[in-house]
Amino acid sequence: MDLRELSEEIESISRRYADHLGIERDDTWFLLKLQEEVGELTQAFLMLTGRARTKGRTGEELDADFRAELADVVCHVLLMARHHGVDLEAEIARKWLAWKR
């Protein structure tokens with residue numbers, strides 16, 4: 001999967017969603033939306049690992065929720081990076097992949 005291509009697809013979807021709801025996606029929105037998604041991931045993790053009430057959800061549903069929230073967080077990281085002109089592939093190579101050597 002190419003991060004740039006994925007970022008373009010996600011941007012298109014996010015823009016349509018925001019236009020439909022009349023949301024202004026400014027610097028603050030990108031940060032707060034990412035924070036919201038991290039909160040939802042935290043809740044899904046707590047429920048999945050028995051540290052919060054499950055609200056009647058099955059183990060399979062809890063696992064699916066956790067996986068979906070991970071995807072949401074990744075997508076919002078891509079959106080925020082794109083909004084700020086950050087080349088995540090280059091930054092990952094510089095910060096993480098440099099340790100391969």
Side-chain angles (χ1 to χ4, degrees):
M1 178 180 310
D2 180 270
L3 287 182
R4 286 182 190 94
E5 289 177 17
L6 180 60
S7 176
E8 289 175 18
E9 290 181 48
I10 292 166
E11 169 60 24
S12 174
I13 293 165
S14 178
R15 188 178 335 104
R16 281 195 325 261
Y17 175 80
D19 289 347
H20 176 73
L21 296 175
I23 295 170
E24 179 185 351
R25 298 179 320 142
D26 59 8
D27 289 351
T28 302
W29 181 87
F30 283 98
L31 179 61
L32 293 177
K33 190 64 179 174
L34 176 58
Q35 182 63 46
E36 176 189 21
E37 295 301 340
V38 169
E40 291 174 5
L41 173 60
T42 301
Q43 180 182 30
F45 174 78
L46 291 173
M47 292 169 72
L48 179 66
T49 60
R51 294 179 176 98
R53 61 189 177 92
T54 61
K55 302 179 183 178
R57 314 236 345 125
T58 67
E60 293 80 19
E61 290 170 324
L62 294 172
D63 186 60
D65 291 346
F66 177 69
R67 288 183 279 115
E69 294 305 335
L70 279 170
D72 284 350
V73 168
V74 169
C75 289
H76 280 281
V77 166
L78 289 172
L79 287 169
M80 188 170 187
R82 180 184 179 88
H83 178 74
H84 289 283
V86 175
D87 180 345
L88 276 181
E89 288 180 342
E91 290 304 315
I92 290 168
R94 182 189 65 77
K95 175 90 187 214
W96 286 87
L97 301 182
W99 292 99
K100 286 185 358 180
R101 298 179 202 135

Scan His83, His84, His76 and name whichever one has a ring-ring contact (aromatic ring centres under 6.0 Å, His included) with Phe30. His83
Mind checking what makes salt bridge (Lys or Arg N to Asp or Glu O under 4.0 Å) contact with Glu69, not counting sequence neighbours? none
Taking atom CD of Glu40 and atom CD of Glu37, what is their separation to the nearest 0.5 Å? 4.5 Å
State the NZ-SG distance between Lys33 and Cys75, to the nearest 0.5 angstrom. 11.5 Å
Same hydrophobic cluster for [X] and [Y], using side-chain heavy-atom links shorter than 4.5 Å among ILVMFWY?
X	Y	value
Leu31	Leu79	yes
Leu32	Leu34	no
Ile13	Ile23	no
Val77	Trp96	yes

Pair Leu62-Thr54, side-chain contact (heavy atoms from CB on, under 4.5 Å): steps then yes or no: CA-CA 8 Å; Leu62 294 172; Thr54 61; 3.6 Å; yes
Angle between ring planes, Phe45 versus Phe66, binned at 30° and 60°: parallel, tilted or perpendicular? tilted
Side chain to side chain contact (heavy atoms under 4.5 Å, CB included) against Glu8, all qualifying residues, sequence neighbours excluded: Arg82
Any residue meeting side chain to side chain contact (heavy atoms under 4.5 Å, CB included) with Leu3, in chain and number order, not counting sequence neighbours: Leu78, Leu88, Glu89, Ile92
Regarding Arg25 and Glu11, does a basic nitrogen lie under 4.0 Å from an acidic carboxylate oxygen? yes
Is Asp63 paired with Arg67 through a side-chain N to carboxylate O contact shorter than 4.0 Å? yes
With side chains defined as the heavy atoms from C-beta onward, is the minimum distance between Arg57 and Asp65 less than 4.5 Å? yes
Smallest separation among heavy atoms of Glu61 and Thr58, with atom names: OE1-N, 2.8 Å
